[in-house]
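Data block below; observations after.
Counting starts at 1 for both ligands and their atoms, following the listed order. The residues of the chain are indexed from 1 along the displayed sequence.
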Amino acid sequence: MGREYFIAGNWKMFKTSTESREFVQALAGQFTAAPGLTVAVFPPFTALEAVRGLDPKVHIGAQNLFYEENGAFTGEISPPMLRGLAEYVLVGHSERRQIFHESDEDVNRKLLAALRFGLKPVLCVGETLPEREAGRTLDKVHGQLEKGLAGVGDADWAHLTVAYEPIWAIGTGRNATPEQADEVHRHIRGLLESKVPGRRIPVLYGGSVKPENSLELLAQKSISGVLVGGASLNVESFSAIIQNGSKLLSA
Ligand code: PEP
């Protein structure tokens with residue numbers, strides 16, 4: 001099977017609707033579609049309508065969702081509300097887990113709800129610095145995957161992406177070395193292979209990915225793309241990362 005890259009930009013709580021629209025239009029002018037290349041941005045909920053259908057090369061994801069279909073859940077957004085606005089949805093981003101106290105069980109309910117309503121979840125997992133220093137990285141990631149993926153049905157695996165994001169590398173400027181990332185990615189691949197043999201589920205790396213380190217990270221065999229925070233907020237830096245993916249695809 002040929003290589004495929006998924007280059008995703010998580011905008012977090014940045015960009016108004018107008019800014020998001022202008023960004024997607026500008027980004028679409030910076031790269032050409034290529035077989036095996038998927039580019040997606042994850043704007044805030046409020047900008048999803050503004051970027052909908054702007055350019056088929058730029059796929060759209062949401063940053064979060066709630067697991068109930070509707071009800072008295074002030075401030076939450078349900079899967080059916082996202083349907084038609086977003087193709088992908090992040091679940092279990094470390095900021096959701098840490099700041100908003102989402103448990104593995106919450107993450108699992110969100111993931112299953114997303115799948116139930118035809119959204120493609122990107123399940124984020126990763127260890128803290130103390131966990132890495134205590135040699136607990138693989139255990140932590142393994143546990144998050146086992147709990148996060150509980151109950152995924154046979155037909156659903158095709159719609160799933162995993163993102164390994166070491167928490168100590170998010171927004172810190174300190175990325176995992178390609179070797180550190182590769183070790184965890186290989187572990188994740190092993191676990192996924194044991195669940196669904198023969199199916200290649202994309203596993204992205206995230207954590208201070210920039211144009212300067214993206215080529216080396218993407219060149220790792222076990223890495224099928226990147227989830228980019230800070231560097232996805234700027235058209236130039238995000239498109240430079242996309243260009244690196246294209247370069248590797250055509251090499
Ligand atoms: C993220 O928010 O998923 C992320 C990886 O952020 P950054 O690239 O800024 O570290």
Side-chain angles (χ1 to χ4, degrees), residues 5-15 19-20 23 27 38-45 47-48 58-65 86-102 107 110-111 114 119-129 131-132 137 140-141 144-145 148 160-178 180-182 184-185 188 202-218 220 222-245:
Y5 285 122
F6 186 14
I7 315 282
N10 171 19
W11 290 355
K12 313 194 185 199
M13 201 174 69
F14 292 98
K15 297 194 190 297
E19 289 164 346
S20 300
F23 186 106
L27 181 71
T38 304
V39 172
V41 294
F42 292 70
F45 288 134
L48 291 174
V58 184
H59 297 252
I60 303 299
Q63 298 173 19
N64 184 29
L65 83 172
E87 178 180 355
Y88 296 93
V89 62
L90 299 181
V91 292
H93 190 279
S94 62
E95 286 152 17
R96 301 291 323 168
R97 294 179 190 262
Q98 292 198 312
I99 304 169
F100 300 100
H101 311 294
E102 287 186 13
V107 172
K110 290 183 173 202
L111 182 134
L119 296 158
K120 300 174 183 166
V122 179
L123 171 62
C124 304
V125 296
E127 82 286 3
T128 61
L129 190 57
E131 285 163 347
R132 172 159 282 269
T137 298
K140 170 73 181 292
V141 167
Q144 286 180 319
L145 284 170
L160 194 86
T161 298
V162 171
Y164 167 56
E165 300 205 298
I167 296 168
W168 48 271
I170 295 184
T172 58
R174 184 177 164 190
N175 65 292
T177 63
Q180 284 173 321
D182 186 55
V184 183
H185 277 241
I188 295 173
V203 185
L204 316 183
Y205 169 78
S208 296
V209 175
K210 307 179 265 289
E212 306 83 62
N213 59 22
S214 56
L215 191 66
E216 205 185 350
L217 285 162
L218 287 167
Q220 300 297 306
S222 60
I223 295 183
S224 23
V226 283
L227 179 53
V228 187
S232 74
L233 293 170
N234 175 283
V235 173
E236 222 167 80
S237 52
F238 193 46
S239 54
I241 295 169
I242 297 168
Q243 301 303 345
N244 280 337

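- Checked against the 6.0 Å centroid criterion, the rings of Phe23 and Phe14 do not qualify as a close aromatic pair.
- By the 4.5 Å heavy-atom criterion applied to side chains, Leu111 and Leu160 are counted as neighbours.
- For the atom pair CD (Glu165) and CG (Leu204), the distance works out to 8.5 Å, reported to the nearest 0.5 Å.
- The protein atom (non-hydrogen) at minimum distance from atom 3 (O) of ligand 1 is Glu165 OE2, 2.7 Å.
- Some N or O of Gly171 is nearer than 3.5 Å to an N or O of ligand 1, by distance alone.
- Which of Gly229, Gly126, Ala231 comes nearest to atom 7 (P) of ligand 1 through a heavy atom is settled by distance: it is Gly229.
- Scanning for ring pair (Phe, Tyr, Trp, His ring centres under 6.0 Å) contacts around Phe238 gives an empty result, with sequence neighbours left out.
- Of all atoms in ligand 1, listed by their number and element, those nearer than 4.0 Å to a heavy atom of Gly207 are 5 (C), 10 (O).
- The ring pair (Phe, Tyr, Trp, His ring centres under 6.0 Å) test applied to His185 returns Tyr164, not counting sequence neighbours.
- Within the 4.0 Å heavy-atom cutoff, Lys210 does not count among the residues contacting ligand 1.
- You'll find the side chain of Thr38 reaches within 4.5 Å of the side chain of His59, heavy atoms only.
- Near Asn10, the atoms of ligand 1 lying under 4.0 angstrom from a non-hydrogen atom of the residue are 1 (C), 2 (O), 3 (O).
- For ligand 1, the atoms closer than 4.0 angstrom to any heavy atom of Ser208 are 7 (P), 8 (O), 10 (O).
- Atom 1 (C) of ligand 1 has as its closest protein heavy atom His93 NE2, 3.2 Å.
- Put simply, the side chain of Leu217 does not reach to within 4.5 Å of the side chain of Asn244, judged on heavy atoms.
- Within the 4.5 Å cutoff, the side chain of Leu90 has no heavy atoms near those of the Glu95 side chain.
- Of the protein's non-hydrogen atoms, the one nearest atom 9 (O) of ligand 1 is Gly230 N, 2.8 Å.
- For the pair Ala169 and ligand 1, a heavy-atom separation below 4.0 Å is found.
- The backbone and the side chain of Ile170 each have at least one atom closer than 4.0 Å to an atom of ligand 1 (non-hydrogen atoms only).
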